[in-house]
Amino acid sequence: MDAAIDLQHQALRQHQLLSPLTEPICNRLEMGIRCRPGPARLAAGDAPEAQEQFVAALAVPGAEPYAQEHAMAIAGFWDCEDGE
């Protein structure tokens with residue numbers, strides 16, 4: 001699990017180097033980076049951190065148009081609520 005978290009942090013650092021002007025799906029990428037480890041964190045018993053990442057994904061500016069990532073973040077958030 002630690003390796004997955006390290007990879008997520010690395011991906012977020014790399015993401016910060018992207019520009020929305022040259023990478024129009026920049027926000028969508030951030031949502032995916034934040035959502036994908038969520039179920040594993042939840043399964044490992046770290047619901048607060050998983051939920052924090054889902055909330056951060058939903059807070060990405062312009063998140064609504066990305067239906068798949070938006071739905072993943074909403075579902076993950078509620079999974080965390082049900083798991084607590």
Side-chain angles (χ1 to χ4, degrees):
M1 185 64 175
D2 290 339
I5 293 169
D6 289 343
L7 286 173
Q8 181 191 30
H9 291 162
Q10 180 182 358
L12 287 169
R13 283 192 301 274
Q14 290 295 319
H15 176 267
Q16 290 176 343
L17 302 175
L18 300 177
S19 167
L21 297 176
T22 59
E23 297 291 337
I25 62 165
C26 184
N27 293 340
R28 184 179 200 170
L29 293 172
E30 181 178 354
M31 292 176 74
I33 291 167
R34 293 191 178 280
C35 285
R36 297 208 191 290
R41 287 179 186 230
L42 186 58
D46 195 0
E49 178 60 28
Q51 191 170 45
E52 182 178 316
Q53 292 300 315
F54 291 125
V55 168
L58 292 168
V60 169
E64 296 81 17
Y66 304 116
Q68 181 179 356
E69 290 79 3
H70 194 263
M72 189 175 5
I74 292 285
F77 175 85
W78 288 113
D79 286 347
C80 292
E81 287 288 307
D82 292 343
E84 288 184 4

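These numbers come from the heavy atoms of this one structure, side chains and all, not from hydrogens, waters or symmetry mates. If you're wondering where the values come from, they're calculated on a predicted model, not measured in any experiment.
With rounding to the nearest 0.5 Å, the separation of CZ in Arg36 from CE in Met72 is 4.0 Å. Put simply, CG on Leu29 and CG on Leu12 are 11.0 Å apart, with the number rounded to the nearest 0.5 Å. How far CG of Leu58 is from CD of Glu69: 11.5 Å, rounded to the nearest 0.5 Å. In this structure, Gln14 CD and Leu7 CG are separated by 11.5 Å, a value rounded to the nearest 0.5 Å. Interatomic distance, CD of Glu52 versus CZ of Arg34, reported as 8.5 Å (0.5 Å rounding).
Ile25 and Val60 end up in different hydrophobic clusters when Ile, Leu, Val, Met, Phe, Trp and Tyr side chains are linked at under 4.5 Å. Cluster annotation: Ile74 and Tyr66 are assigned to distinct hydrophobic clusters (Ile/Leu/Val/Met/Phe/Trp/Tyr, side-chain heavy-atom contacts under 4.5 Å, transitive).
In this model, a donor atom of one side chain and an acceptor atom of the other lie less than 3.5 Å apart for Gln53 and Glu49.
Judged purely by atom type and a 3.5 angstrom limit, His15 uses its side chain to pair as donor or acceptor with the backbone of Cys26. The backbone N or O of Pro61 sits less than 3.5 Å from a side-chain atom of Asn27, completing a donor-acceptor pair. The backbone N or O of Ile33 lies less than 3.5 Å from a partner atom in the side chain of Gln8, making a donor-acceptor pair.
Listed here is the closest heavy atom pair of Ala50 and Arg41: CB-CB, 3.8 Å. In terms of heavy-atom proximity, Gln51 sits nearest to Glu81 at NE2-OE2, 2.6 Å. Closest non-hydrogen pair, Gln68 versus Arg28, comes out as OE1-NH2, 4.3 Å.
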